[in-house]
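What follows is a set of notes on a single structure, which appears directly below.
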Amino acid sequence: MTAYLTGLGLAAAAGLNAWAVLLLVHGLARLLPQEFAGPAAGIVSHPLLFQVALVLFLLEFIVDKIPFLDRLWDLLHTLLRPLAGALLALACVPVEGWAARTALAVGAAIVTLGTHVAKSTSRLTSTAATKAWRQAALSLAEDLVAVLIATLVFFVPEFTLIFLAGLIVCLLMYRRRVWRGLQVLFFRLQHPRRGVTRA
């Protein structure tokens, strides 16, 4: 049960910043290999994953602070972050058989997508309400929160239950706002000039 909580918790954190979490997990997997008994453990501890995650983390650190480009980046990561979340869960949970692995991967991907959607829609609202330097500060805060959550769920797996419960409550309470935010996001990507507001 602990492995499942750890895997799902890391997947949830990946919805905020997948590459920062992968870098953290890579380090943990090298230091504490016994804690990663899943079928994807070899992948998260591989040096190539560290290199790829580091490049993408640095790229996200820059792009995520540039208006409009951050929206394109979030759209691209609607697919990439759930994949990273599935990988993280499969590295933690020692499941056997393709059916069990597929179920775990899908569940982790859904958890990651939930966090990603919550982040993307809240950032969409905050972009119009904050200045450039505040937007950069908010982006940096999200990166730090992702690492803190990942660290916490690794050492205290039970925190995953609290985090996921809070995420579900927030998504349900603000479901209309989330849906509206997603609609605005896709509209702005299709009509970027209409999405620009005057200072």
Side-chain angles (χ1 to χ4, degrees), residues 1-57 60 73-121 145-172 175 178-179 182 186:
M1 185 62 180
T2 299
Y4 280 95
L5 291 176
T6 302
L8 291 178
L10 292 174
L16 296 175
N17 189 317
W19 315 120
V21 175
L22 279 172
L23 288 173
L24 173 66
V25 169
H26 173 81
L28 290 172
R30 298 296 294 269
L31 291 172
L32 303 168
Q34 69 277 9
E35 300 296 330
F36 296 87
I43 299 177
V44 298
S45 61
H46 198 281
L48 180 59
L49 180 131
F50 173 80
Q51 296 169 10
V52 172
L54 180 59
V55 170
L56 290 173
F57 170 76
E60 177 165 324
W73 187 261
D74 269 344
L75 181 62
L76 174 64
H77 281 68
T78 301
L79 174 64
L80 294 180
R81 283 177 183 146
L83 290 176
L87 176 65
L88 289 164
L90 287 172
C92 296
V93 185
V95 289
E96 299 294 337
W98 285 105
R101 292 179 181 180
T102 300
L104 175 63
V106 170
I110 291 173
V111 169
T112 306
L113 185 61
T115 310
H116 167 73
V117 168
K119 170 192 172 178
S120 298
T121 53
V145 168
V147 174
L148 288 174
I149 291 175
T151 303
L152 187 56
V153 299
F154 181 79
F155 290 104
V156 188
E158 292 76 13
F159 179 75
T160 299
L161 296 174
I162 299 174
F163 181 77
L164 292 182
L167 177 63
I168 292 172
V169 169
C170 288
L171 289 175
L172 289 177
R175 59 186 181 278
V178 169
W179 177 245
L182 290 174
F186 282 98

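This is a predicted model, so every value here is computed, not measured. We use all heavy atoms of the structure for the numbers below, so side chains are in, but hydrogens, waters and symmetry mates are not.
With a 4.5 Å cut-off on side-chain heavy atoms, K119 and H77 do not count as touching. The closest side-chain heavy-atom distance from E60 to N17 is below 4.5 Å. L104 is listed as a side-chain neighbour of L90, based on a closest heavy-atom distance under 4.5 Å. Side chains of L87 and L83 form no contact here, defined as non-hydrogen atoms less than 4.5 Å apart.
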Step by step, would you call V106 with I110 a side-chain contact (heavy atoms from CB on, under 4.5 Å)?
CA-CA 6 Å; V106 170; I110 291 173; 4.0 Å; yes

Please lay out, stage by stage, how F57 and L22 fare under the test side-chain contact (heavy atoms from CB on, under 4.5 Å).
CA-CA 9 Å; F57 170 76; L22 279 172; over 6 Å; no

Passes side-chain contact (heavy atoms from CB on, under 4.5 Å), V147 versus T151? Steps please.
CA-CA 6 Å; V147 174; T151 303; 4.1 Å; yes

Full working for side-chain contact (heavy atoms from CB on, under 4.5 Å) between F163 and I149
CA-CA 9 Å; F163 181 77; I149 291 175; 3.4 Å; yes

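Here the shortest heavy-atom pairing between L56 and W73 reads O-CZ2, 4.0 Å. For the residue pair A14 and T112, the shortest heavy atom distance occurs at C-CG2, 3.9 Å. In plain terms, the two heavy atoms of V93 and A3 that are nearest each other are CG2-O, 3.4 Å. When every heavy atom of L8 is checked against every heavy atom of A108, the shortest pair comes out as CD2-CA, 3.9 Å. Residues C92 and T6 come closest through the heavy atom pair SG-CG2, 4.0 Å. Pairing each heavy atom of L10 with each of V21, the nearest pair is O-CG1, 3.9 Å.
Annotation: the span from L24 atom CG to W19 atom CH2 amounts to 15.0 Å, rounded to 0.5 Å. Taken to the nearest 0.5 Å, the NE2 atom of H116 stands 3.0 Å off from the OG1 atom of T78. Interatomic distance, L5 CG to L161 CG, rounded to the nearest 0.5 Å: 5.0 Å.
Aromatic ring orientation, F36 versus F154: parallel (interplanar angle below 30°, classes split at 30° and 60°).
Side-chain atoms of T115 do not come within 3.5 Å of backbone N or O of A13 as any donor-acceptor pair.
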